[in-house]
Amino acid sequence: MKRYLALLAMVPAVLGGTLAAVSPAHAAPTPSVSAALGVDAVILADGVRLRSSPGGSYVIGLLYYGDYGQILGSSNGWCRFRLGGRSASGLPAGTTGWASCSYFATEEGRRMSEVAVDSLD
């Protein structure tokens, strides 16, 4: 729960383009995210389609701003994501699927499109 709150505290700063809005006392420690599996992440938009495969046409469900979980890997700009709690749309915790990496940010405020994650290619 503490990590989830830290993630939510980071979202406005990421969307605003600055991390100065978040006080260091509320920021979580900065783990190394390069080539790491299980990177904690939060959704930065509403209505993000969680798909069964990278770029696939089958949509499992929708993710919304503040939904959180872990990035398990990536492939060509698509992130494999496991939902950490029940989503705002009602998807159960543990649901796994693919979404564009551009809709995720790490707990230290970096967008997933800027982070090196193990490739699943």
Side-chain angles (χ1 to χ4, degrees):
M1 183 61 154
K2 188 175 184 181
R3 293 189 91 167
Y4 172 69
L5 294 176
L7 284 170
L8 285 180
M10 296 298 292
V11 172
V14 171
L15 292 176
T18 176
L19 291 177
V22 178
S23 87
H26 293 100
T30 305
S32 172
V33 293
S34 60
L37 291 178
V39 175
D40 290 335
V42 65
I43 299 295
L44 297 175
D46 285 335
V48 175
R49 292 173 181 91
L50 187 65
R51 300 175 184 274
S52 60
S53 62
S57 60
Y58 180 75
V59 176
I60 296 169
L62 300 176
L63 301 172
Y64 286 89
Y65 177 92
D67 285 344
Y68 65 96
Q70 291 186 323
I71 302 296
L72 303 175
S74 67
S75 177
N76 297 320
W78 291 88
C79 285
R80 186 159 186 252
F81 179 71
R82 180 176 53 227
L83 196 57
R86 187 172 191 82
S87 75
S89 66
L91 289 173
T95 300
T96 302
W98 294 84
S100 172
C101 293
S102 63
Y103 293 112
F104 296 97
T106 65
E107 65 182 22
E108 62 270 359
R110 296 178 61 198
R111 287 191 179 262
M112 285 308 299
S113 56
E114 303 168 354
V115 176
V117 178
D118 282 347
S119 176
L120 297 174
D121 293 333

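Heavy-atom basis, side chains included; hydrogens, waters and symmetry copies ignored.
- To the nearest 0.5 angstrom, Cys101 atom SG is 9.0 Å from Trp78 atom CH2.
- Summarising the geometry, atom CZ belonging to Phe81 is positioned 14.5 Å from atom OG belonging to Ser74; distances are rounded to the nearest 0.5 Å.
- With Ser87 contributing its side chain and Gly85 its backbone, the two residues share no donor-acceptor pair below 3.5 Å.
- Tyr103 OH to Asp67 CG: the interatomic distance, rounded to the nearest 0.5 Å, is 14.5 Å.
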Return all side-chain donor-acceptor pairs below 3.5 angstrom for residues 43-55, not counting sequence neighbours, or 'none' if the list is empty.
from	atom 1	to	atom 2	distance (Å)
Asp46	OD1	Tyr65	N	3.0
Arg51	NH1	Gly56	O	2.7

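- Note: the hydrophobic cluster containing Tyr68 does not contain Leu62 (ILVMFWY, side chain heavy atoms under 4.5 Å, direct or indirect links).
- Taking CG from Leu91 and CG from Leu63, the interatomic distance works out to 6.5 Å, rounded to the nearest 0.5 Å.
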